[in-house]
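Every value quoted in this text rests on a predicted model; they were computed, and no experiment measured them. Count residues from 1 along the sequence.
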Amino acid sequence: MLDTALWITLTLIVLAMAMNVYRLAIGPDVPDRLLALDTLYVNSIALIVLLGLWLNTKTYFEAAILIAMLGFIGTMAICRYLLRGDIIE
């Protein structure tokens with residue numbers, strides 16, 4: 001049962017990531033692309049956590065935490081650059 005649920009979830013997350021890449025490439029303006037990039041981070045974290053569940057290892061959870069931290073810092077830096085024109089005051 002868990003194996004079937006993991007396959008279905010992996011398929012749906014990969015589909016969501018494909019739609020995010022489409023929005024990232026075609027997005028009409030910069031905030032739309034930034035939102036697609038942020039959602040892509042979240043989907044990649046979910047994909048790595050599901051891969052860790054499927055392979056029954058703890059290493060993937062640490063990688064997911066690292067990607068979450070880098071995604072948050074990157075999103076904040078890009079937002080600050082778009083609003084102020086510089087990252088560090």
Side-chain angles (χ1 to χ4, degrees):
M1 178 77 179
L2 182 63
D3 196 37
T4 305
L6 282 175
W7 275 109
I8 292 170
T9 309
L10 284 172
T11 305
L12 292 175
I13 287 178
V14 167
L15 180 68
M17 288 178 79
M19 288 189 278
N20 285 330
V21 168
Y22 175 76
R23 177 54 65 190
L24 188 64
I26 306 296
D29 52 355
V30 176
D32 215 22
R33 291 180 175 161
L34 180 64
L35 185 63
L37 184 65
D38 193 42
T39 308
L40 192 62
Y41 283 132
V42 172
N43 286 338
S44 67
I45 292 166
L47 187 67
I48 290 173
V49 167
L50 285 174
L51 189 64
L53 283 173
W54 188 41
L55 296 175
N56 200 14
T57 61
K58 295 180 184 178
T59 308
Y60 291 100
F61 298 114
E62 294 173 3
I65 290 172
L66 182 65
I67 289 176
M69 289 188 305
L70 290 175
F72 175 73
I73 291 170
T75 301
M76 293 305 295
I78 292 172
C79 286
R80 189 169 286 191
Y81 178 74
L82 288 176
L83 291 176
R84 298 182 187 170
D86 63 343
I87 297 172
I88 300 173
E89 294 180 28

inquiry  = Grouping I, L, V, M, F, W and Y whenever their side-chain heavy atoms are under 4.5 Å apart, do L55 and F61 come out in a common cluster?
reply    = yes
I48 side, atom CD1; N43 side, atom CG - distance, nearest 0.5 Å = 11.5 Å
key: Spacing of M19 atom CE and L24 atom CG [to the nearest 0.5 Å]   = 14.5 Å
remark   = ring-ring contact (aromatic ring centres under 6.0 Å, His included) pairs touching residues 33-56, sequence neighbours excluded, are W7-W54
request  = Answer yes if V21 and I45 sit in the same cluster of Ile, Leu, Val, Met, Phe, Trp and Tyr residues linked by side chain heavy atoms under 4.5 Å apart, and no otherwise.
outcome  = yes
inquiry  = Do L51 and M17 land in one hydrophobic cluster if side-chain heavy atoms of ILVMFWY residues count as linked below 4.5 Å?
reply    = yes
Salt bridge (Lys or Arg N to Asp or Glu O under 4.0 Å) contacts in which one or both residues fall within residues 28-54, not counting sequence neighbours = R23-D32
message = Is there a path of hydrophobic side-chain contacts, each under 4.5 Å between heavy atoms, that joins I73 and L66?
response = no
inquiry  = I need the N20 CG to I13 CD1 distance, nearest 0.5 Å.
reply    = 11.0 Å
inquiry  = Do V49 and Y60 make a side-chain contact, defined as non-hydrogen atoms from C-beta onward lying under 4.5 Å apart?
reply    = no
request  = Report yes or no: do L37 and V30 belong to one cluster of Ile/Leu/Val/Met/Phe/Trp/Tyr joined by side chain heavy-atom distances under 4.5 Å?
outcome  = yes
query = What is the distance from atom OG1 of T9 to atom CG of L2, rounded to the nearest 0.5 Å?
reply = 9.0 Å
ask   = Going from CG on L40 to CG on L35, what distance comes out if it is rounded to the nearest 0.5 angstrom?
value = 11.0 Å
query = Measuring from L10:CG to L15:CG, what's the distance to the nearest 0.5 Å?
reply = 12.5 Å
